[in-house]
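To keep things clear, I will list the structure first and then write my remarks on it.
Fair warning: this is a prediction, and the values are worked out from it, not measured in the lab.
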Amino acid sequence: MRTINVNRLRSNLLLSVFLVLLSLVVLLIPYSLLIGWNIFSSLLFWFVLVPTISILSSKFYKKMNHRWVAGILGCLTFYLGMVSIIYHHYQTDLFKLMMISLIWSLASIWLLALPYSFRTLSQLTK
């Protein structure tokens, strides 16, 4: 029987992106069924929970200076799936709120990754 190398799994970007996507889907299902969608729950989900879960679940990825790539790709994949599911409702306010939160989520993941990028650049120049 083969053993599973955890470090090798953690260095796989595709697996990390899938983990971000899976964690967002697992969060979405009970949130939708138990709480429902109104303006306050939508703001909480799209502007707080989605970026937070994307950032936290991307920490599975081993390479410290490229974790934000897994977070952004997983979050972007989640939004693309959501848009493909509800594209018939593109004129609603909640859909527009979701699109604005896409920009917010991607920007927040990228902004939180900036200190790690600068630290990596400063280590390279020493």
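- Here CZ of Phe45 is found 12.5 Å from CG of Leu94. Values are rounded to the nearest 0.5 Å.
- Panel note: side chain Ser41, backbone Asn38; a donor-acceptor pair is recorded below 3.5 Å.
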Identify all side-chain donor-acceptor contacts of residues 70-82 below 3.5 Å with residues at least two apart in sequence or on another chain.
{"from": "Thr77", "atom 1": "OG1", "to": "Leu73", "atom 2": "O", "distance (Å)": "2.6"}
{"from": "Tyr79", "atom 1": "OH", "to": "Ser101", "atom 2": "O", "distance (Å)": "3.4"}
{"from": "Tyr79", "atom 1": "OH", "to": "Ser101", "atom 2": "OG", "distance (Å)": "2.9"}
{"from": "Tyr79", "atom 1": "OH", "to": "Ser105", "atom 2": "OG", "distance (Å)": "3.2"}

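- Tracing side-chain contacts under 4.5 Å through hydrophobic residues (I, L, V, M, F, W, Y), one reaches Met98 starting from Ile85; they form part of the same cluster.
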Identify each donor-acceptor pair in which a side-chain atom of residues 46-56 lies under 3.5 Å from a protein atom, sequence neighbours left out, and give them as a table.
{"from": "Thr52", "atom 1": "OG1", "to": "Val48", "atom 2": "O", "distance (Å)": "2.6"}
{"from": "Ser54", "atom 1": "OG", "to": "Val50", "atom 2": "O", "distance (Å)": "2.8"}

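- Hydrophobic clustering places Phe40 together with Trp37 (ILVMFWY residues linked when any side-chain heavy atoms are closer than 4.5 Å, directly or through intermediates).
- Separating the CG atom in Leu44 from the CD1 atom in Ile39 is a distance of 11.5 Å, to the nearest 0.5 Å.
- Crowding of Trp110 atom CH2: a count of heavy atoms from other residues, nucleotides or ligands under 6.0 Å not exceeding 12.
- We find the CG-CG distance between Leu97 and Leu102 to be 11.5 Å, quoted to the nearest 0.5 Å.
- Summarising the geometry of Leu19 relative to Ser57, their closest heavy-atom pair is CD2-O, 3.8 Å, with the distance given to 0.1 Å.
- Neither Leu112 nor Ile103 shares a network with the other; the hydrophobic side chains, linked directly or stepwise wherever heavy atoms of I, L, V, M, F, W or Y lie under 4.5 Å apart, form separate groups for each.
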